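Accompanying notes for the structure given below.
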Amino acid sequence: MRKDFVLSLQNTLYPPQIYSSEILTMDKIYDQTKIEQKWYKFWEEEGFFKADPDSSKPAYGLLIPPPNLTGSPHLGHAMQHAILDAVARFKRIQGFDVLLLPGVDHAGIQFEGTLNKLLEKEGTSRQKLGREEWLKRAWQFKEEIYKTFHDTWTVFGLSADWSREVFTLEPKVQRAVLEEFKSFWEQNLLYKGAYIVQWCPKDQTAIEDVEMEYEERKDKLYYLQYGPLIIATTRPETKFGDTAMAVNPNDKRYEQFVGKEFEIKTLNGPRKMKVIADKAIDPKFGTGAEKVTPGHDILDYEISKRHNLEIIHVIDKSGRLTKVAGKYAGMKFQEARAAMIPELKEKGILIKEEDYVHSVPVCERCKTTVEPIISEEWFVKMKPLTQKALKRMNEINFVPKNYKKILSDWMKEIHDWTISRSLWWGHRIPVWYCQKCNPNHLVGKDKDMIISLEKPGKNCQTCGQKHWVQDEQVLDTWFSSGLWPMATLGWPQQSKEFEKYYPWQFELSAPEIKYLWIARMIMLGLHFTNKIPFENMFFHGMIRDLQGRKFSKSLGNGIDPNKLRNQWGTDSTRMALYTYSAPGRDGRASRQTMDERCKNFRNFGTKLRNIARFIIELKPSEASPELDSGFIQKKPWIPDQVGDDKLHPDDKKILDQLNKTIQEVTKNLEGFNLHLAIEKLYEFIWHQFADKYIESAKNRRTEAQPILEYVFKTSLELLHPFMPFITEELWQKLPHRGKSIMATSWPSTK
RNA sequence: GGACGGUUAGCUCAGCGGUAGAGCGCUUCGUUUACAUCGAAGAUGUCGUAGGUUCAAAUCCUACACCGUCCACCA
């Protein structure tokens, strides 16, 4: 038996009367899971979670950020769910037709990485299986994870409409993605071309800036003789791809060389190379002169575009040198570098080297050094989308407000979006090329290329035959996630769901995906529907460890929200999380600090149970309950309807305090300041109602009964969005009308 | 380099113009009939530093320091 359980047991044995209590029986206090399961099942069976597009109630839609299929829940997720659920329950009781829509993200790269590791353990691999077999295995793996997915994710009392759950690869979403792709193409917003991208040689795919992290490395900085100039580089092996030398236009030292051509020594013999001036060159770095290698450096690539320089590929997609490297061809770039240093020295090209510490971009998942490489990728032109979005950012209520500026600033400096990924798990690019007429898979003319989900049935317009092959790449996960507000409601097909619930009323997000996801949903929503996708956009803070670091698997500093839930109960854990929910504010937590907060609210729950015991079980037999006493009809809490003189001063005071609480809680919920709402409620219930009013009411117990019941029941109703289980449990024990606290109406002071 | 946020009791955090707050922890007391998973009482803070605005500043403004996040760059 658990130690804390034994301790609790001892405490509970005193006083002995407790045995007669119906509420405080052992199994009911200590087996919270049972109580929670009972009520969750009851709510689901009664259909309280279901949205009803046919109802005449106004819509209130909340879109749950879809968790990653292969992710495991952490405190941030638990907080998101707790916040969403509180708002959903509040709005439902207020009389809205609430849609709290759940979904799951296929999580392209993350899923593929997890599966490939698994395959490695099984002694096979992506390459060995081939695309078709691999995908079969992937769907099988997806189903395996999905089985336990609900147990992992749905336990926080989330009142979501599970019947409408969406998976980001299901046909509904595929149709939306096709529509998105097709209309971008038709509107000339989509292009394919060879551009420099960040390439992970291990994952064999282009990745986005946000998928990289930086590692400090000790390297050498090499000084090389280039004609009359000396340039500094960390990457001598890319020398074969140089097409110019560059200096800053304001650099007086090199003024005389700009525009002139010089012969320089290379390992493949002499070459002619021009000196150009470009403002991107930092005169303070190295010697102030740089070699321009447009094929393998993003900055150089941009310079080359400005000066119309040739682009030479030196490193291929597996990180090996190409044939331009002569005898070094086929070597990995690190090997090649080591091998060529002696020769560079010998030929007098390498003048000196010095130690150099810099940060190197690596792939976030596999930690392989990322290589800038020229690759054929698909891009979306973003400027036209941002222009529209920027004009209408005012229509979104950002919480906190400064996120409007943060997102707007980002949109102002947006660059085109690389949407293709060389993966297999995801929405495959719905483009078919005629292998015969268009073997290089070029785009631009529609005749030997067709946009379609399925293999086209018609003939190629050029050759009149059907040699269709599909584009090998898949779309960036965010290409589909960006459509989430629409795709989940069946767009582009018209439906009563889409009519009623789009745009959404409430969306929330972690700040870290504000550009990847939130900004794109806004831009795509406006582009395709001319409506902002959500009225209220809530950014919560990040919960970190006590040192301020992010929770991560590698640090092992994560806190499993389900362990908290098992120890303290769902209601208490939710309340602890709300104390961290101040919009946009980060928080620090450890298992210990979480336990402290949970304990606080577990005690609060015990307080509620004991209040219930006093009011319900120890009710004097002659007292009349609130429902029978005519209390509701008299509405004594409205001074105009019943004179103050008819109320006992204590009663008047508690009713006034209750009214203030109703106003505060409602106001703070409307403004999504959940932490303030619970603070107010806690103070009222514990220190105003329990400590003061109940104590004094002991002297006039019979007379006070209707007010005790009324105040407590109203308190439970106010508390229900935050602590759904215990409030239902106790509300059911009070005299009440209606099936559930979920189906009552929100307390009002009018 | 650019933008933003934080700095309040031992710890974790609220408050964001009107007499310093909560939870946990700490001290003392308490077996009164809702509650010891409790109650009563208490200790603990020049609200990062320096200026300014104001009758009044933790709260607004400016500068600085430290911590953190995001964006850009790292040849």
Side-chain angles (χ1 to χ4, degrees), chain A residues 4 7-8 10-12 14-15 17-18 21 23-24 29-30 209-210 214 216-217 219 221-222 224 231-236 238 242 246 280-282 285-293 296-300 303 356-361 372 400 402-403 405-406 409-410 413 415 511-512 514-515 541-544 546-550 568 572 575-576 579-582 584-590 592-619 673 675-676 678-679 682-683 686-687 690-691 694-695 697-698 701 708:
Chain A
D4 57 342
L7 285 172
S8 308
Q10 286 165 349
N11 290 336
T12 315
Y14 178 83
Q17 291 93 320
I18 218 162
S21 159
I23 293 173
L24 288 184
I29 279 193
Y30 296 106
D209 303 348
V210 291
Y214 289 85
E216 286 249 305
R217 289 268 172 81
D219 271 320
L221 189 61
Y222 301 96
L224 307 178
I231 61 98
T233 179
T234 53
R235 307 205 55 187
T238 62
D242 298 344
I281 304 298
D282 177 2
F285 183 88
T287 58
E290 193 213 332
K291 70 191 186 71
V292 183
T293 319
H296 302 283
D297 185 284
I298 292 188
L299 188 71
D300 291 5
I303 293 174
Y356 183 60
V357 178
H358 62 157
S359 47
V360 177
N402 60 337
Y403 274 84
K405 184 180 179 299
I406 295 173
D409 287 352
W410 181 76
E413 287 175 36
H415 48 262
E512 58 180 348
K514 56 184 178 288
Y515 303 133
M542 295 244 301
I543 305 182
R544 308 161 179 288
L546 290 183
Q547 283 98 60
R549 300 174 304 181
K550 267 195 215 176
W568 303 105
S572 311
M575 289 294 268
T579 65
Y580 278 104
S581 74
R585 295 299 202 94
D586 287 358
R588 292 174 179 204
S590 63
Q592 192 193 332
T593 66
M594 286 310 296
D595 279 343
E596 283 167 10
R597 291 184 186 219
C598 288
K599 180 178 174 185
N600 177 215
F601 292 107
R602 184 267 258 126
N603 293 353
F604 182 56
T606 308
K607 192 54 136 177
L608 293 173
R609 287 175 194 282
N610 283 305
I611 293 172
R613 181 168 128 82
F614 177 75
I615 294 178
I616 302 158
E617 306 218 335
L618 303 176
K619 178 168 83 79
N673 286 307
H675 62 302
L676 298 181
I678 62 160
E679 195 178 279
Y682 179 93
E683 163 71 18
W686 199 319
H687 301 301
D691 288 355
I694 292 184
E695 283 308 314
K698 285 174 184 169
R701 185 67 176 83
L708 285 167

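Chain A is the first sequence line, chain B the second, and so forth, proteins listed ahead of strands; every chain is numbered from 1. Worth saying up front: this structure is predicted, and the values here are computed from it rather than measured.
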Given [options], identify the nucleotide with an atom nearest to the side chain of [X].
X: A:R585; options: B:rG39, B:rC16, B:rA75; answer: B:rC16
X: A:H687; options: B:rG23, B:rA3, B:rC38; answer: B:rG23
X: A:L676; options: B:rA72, B:rA34, B:rA14; answer: B:rA14
X: A:N600; options: B:rC74, B:rC24, B:rA34; answer: B:rC24

What distance, rounded to whole Å, do you find between the two [atom1] atoms, one in [N] and one in [M]?
N: B:rA58; M: B:rA75; atom1: P; result: 48 Å
N: B:rC67; M: B:rG52; atom1: C1'; result: 26 Å
N: B:rU44; M: B:rG1; atom1: C1'; result: 44 Å

> When the nearest nucleotide of RNA chain B is assigned to A:K405 and to A:K550 on a heavy-atom basis, which residue is associated with the more 5' position?
Replying inline: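 The 5'-side residue here is A:K405.
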
>> Using heavy-atom distances to pick each residue's nearest nucleotide on RNA chain B, tell me which of A:N402 and A:Y515 is more 5'.
In response: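 Checking each residue's closest nucleotide, the 5'-ward one belongs to A:N402.
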
Sugar-phosphate only, base, or nothing, as touched by [X] at under 4.0 Å among non-hydrogen atoms:
X: A:R544; answer: sugar-phosphate
X: A:Y682; answer: sugar-phosphate
X: A:I611; answer: base
X: A:A246; answer: nothing
X: A:D409; answer: nothing
X: A:Y580; answer: sugar-phosphate
X: A:K619; answer: nothing
X: A:D595; answer: nothing
X: A:K698; answer: base
X: A:E679; answer: sugar-phosphate
X: A:W568; answer: nothing
X: A:L221; answer: nothing
X: A:Q547; answer: nothing

> Which heavy-atom pair separates A:F601 from A:A576 by the least distance, and what is that distance?
Replying inline: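 Closest approach of A:F601 to A:A576, heavy atoms only: CD1-N, 3.8 Å.
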
> Roughly how far apart are A:T579 OG1 and A:E679 CD, rounded to 0.5 Å?
Replying inline: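 CD of A:E679 is found 10.0 Å from OG1 of A:T579.
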
>> Whether the side chain of A:K599 and the base of B:rC24 hold a donor-acceptor pair under 3.5 Å is what I'd like checked.
In response: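 By the distance-only test, no, there is no pair.
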
> Between the base of B:rA3 and the side chain of A:E413, is there any donor-acceptor pair under 3.5 Å?
Replying inline: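 No, no donor-acceptor pair under 3.5 Å.
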
> Taking NZ from A:K607 and C1' from B:rA34, how many angstroms apart are they, rounded to a whole number?
Replying inline: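 Going from NZ in A:K607 over to C1' in B:rA34 covers 8 Å.
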
> Taking atom P of B:rG68 as reference, at what distance in whole Å does atom CD of A:E512 sit?
Replying inline: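 Rounded to whole Å, this separation is 17 Å.
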
Any [X] side-chain nitrogen or oxygen under 4.0 Å from OP1 or OP2 of [N]:
X: A:N603; N: B:rC38; value: yes
X: A:H675; N: B:rG15; value: yes
X: A:W686; N: B:rG39; value: yes

> Just by modelled atom types, is the A:D300 backbone N or O under 3.5 Å from a matching donor or acceptor in the A:D297 side chain?
Replying inline: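 Answer holds: yes.
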
>> Is it the case that the side chain of A:D586 and the backbone of A:M542 share a donor-acceptor pair, with hydrogens and angles ignored and the cut-off at 3.5 Å?
In response: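 Judged by distance alone, yes, a pair lies under 3.5 Å.
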
>> Using 30° and 60° as the class boundaries, would you call the ring planes of A:Y515 and A:W410 parallel, tilted or perpendicular?
In response: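 Parallel, since the angle between the ring planes stays under 30°.
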
